[in-house]
Amino acid sequence: MDLAILAAMNAERAARRPAVLVTAIEGGAQRLVTTDEIEADPLATQIDRQLRMGKSGLVEAGGVQYFLTVQAPHPRIVVTGAVHISQAMVPMARLLDLDLVIIDPRTAFATPERFPDVTLLTEWPDVALAGLGLDAYTAFVALTHDPKIDDPGLEAALRSECFYVGALGSRKTHGRRVERLTAAGFDQAAIARIHAPIGLDIGAVSPAEIALSILGEIVSTLRGPRRLAP
Amino acid sequence: MITTDTDILSTAEAWARAGRGVALATVVETWGSAPRPVGSHLVIDAEGNFQGSVSGGCVEGAVVEEAAEVIGDGKARMLEFGVADDTAWKVGLSCGGRIKVYVEPVRPEENN
């Protein structure tokens with residue numbers, strides 16, 4: 001592999017853009033295919049298929065074997081709320097190799113002392129999220145209970161391709177949230193994307209247990225389709 | 001901190017930029033209960049330092065040994081490990097699976 005190709009792969013990954021490395025098994029010729037180049041590539045069908053599954057693998061075309069190294073953007077969780085639950089999520093997300101970004105404009109909550117070693121943004125969610133760019137490899141989680149903070153985040157998430165959207169709160173709280181989002185112009189299908197009550201039903205009580213149930217649900221949403229893939 | 005596949009490609013680039021001879025091993029095919037999925041990486045330098053995993057420990061030693069040859073002659077190789085394979089490789093996977101590992105050199109830009 002040429003160092004230039006390796007560097008390009010790392011750069012695409014850092015920019016959260018999917019890319020596929022094509023290696024001819026016989027001879028070892030290689031090319032890196034970025035999303036805007038897929039359509040014109042001779043292996044477009046195979047590349048598209050592997051990318052959709054998020055799986056690297058061997059493919060064959062015209063009697064020649066190729067290995068496709070699929071590099072999908074790193075899964076990331078964006079949370080509104082520098083609260084107990086998100087504190088517990090920090091070490092758990094690290095072990096699960098999920099990037100975590102915490103947004104909370106309340107600087108009394110969002111302190112580096114409470115949240116060391118994690119990306120912490122103290123802007124309002126609409127500003128912070130515009131900078132982050134929500135994509136299909138991002139999960140959005142609203143944890144503040146405060147509509148002023150959670151709602152702008154939820155609205156941005158519902159307008160994006162986020163693979164997971166979840167919001168903390170009782171059924172009553174969520175009922176009021178649904179009313180607000182409906183008034184803001186979101187239809188039933190869009191609002192149904194929100195996981196509420198949030199998290200897997202494991203009877204979670206403590207903040208750490210709730211963090212576990214949310215992360216469990218996110219991992220299940222992220223990995224579930226792989227189980228069904230051939 | 002657990003090393004992930006993404007760290008490994010960054011490590012490969014960093015090692016190559018530092019002027020070290022580097023090989024990258026990638027799991028390209030698995031059969032049965034192979035411990036690491038297709039696409040898993042192991043990066044190896046000329047001194048035998050390595051990061052990542054292609055099997056969870058069963059065949060890394062053999063891959064690292066072969067990587068030295070790859071770094072030496074600059075030619076990629078396909079390796080196969082498993083219980084059914086007793087010809088070239090004496091290393092088996094305890095889980096009973098089989099894996100194919102592609103080992104390639106990382107070529108510095110000067111040689112392009």
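Each chain gets a letter, A, B and so on, in the order its sequence line appears, and its residues count up from 1. In what follows, every heavy atom counts, from backbone to side chain, and hydrogens, waters and symmetry copies are set aside.
Taking 4.5 Å as the heavy-atom cut-off, none of the residues of residues 117-126 of chain A approach chain B. At a heavy-atom separation below 4.5 angstrom, chain A is approached by B:Leu24, B:Thr26, B:Val27, B:Val28 within residues 21-28 of chain B.
Every pair tested for side chain to side chain donor-acceptor pair (under 3.5 Å) that includes a residue from residues 56-68 of chain A fails, sequence neighbours excluded, so the list is empty.
Pairing each heavy atom of B:Val43 with each of B:Thr11, the nearest pair is CG1-CG2, 4.1 Å. Across all their heavy atoms, A:Ala142 and A:Leu154 have their closest contact at CB-CG, 4.2 Å.
Taking 4.5 Å as the limit, some side-chain heavy atom of A:Ile5 sits within range of a side-chain heavy atom of A:Leu21.
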From CA spacing to verdict: side-chain hydrogen bond (donor to acceptor under 3.5 Å, both in side chains), A:Thr138, A:Arg76: CA-CA 5 Å; A:Thr138 303; A:Arg76 169 178 70 170; 3.1 Å; yes
Audit row: B:Asp7, B:Ser10, side-chain hydrogen bond (donor to acceptor under 3.5 Å, both in side chains) steps and yes/no: CA-CA 5 Å; B:Asp7 295 332; B:Ser10 304; 5.8 Å; no
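Checked against ring pair (Phe, Tyr, Trp, His ring centres under 6.0 Å), A:Tyr164 has the following partners two or more places apart in sequence or in another chain: A:His195.
Few gaps surround CG on B:Asp73; more than 12 heavy atoms of other groups in view lie less than 6.0 Å from it.
Each of B:Arg98, B:Arg36, B:Lys100 was scored for a salt bridge (charged side-chain N to carboxylate O under 4.0 Å, His left out) with B:Glu29, with one residue passing: B:Lys100.
No part of B:Ala76 comes within reach of chain A, as not one of its non-hydrogen atoms sits under 4.5 angstrom from that chain.
Donor-acceptor pairing under 3.5 Å is lacking for the side chains of A:Thr34 and A:Glu12.
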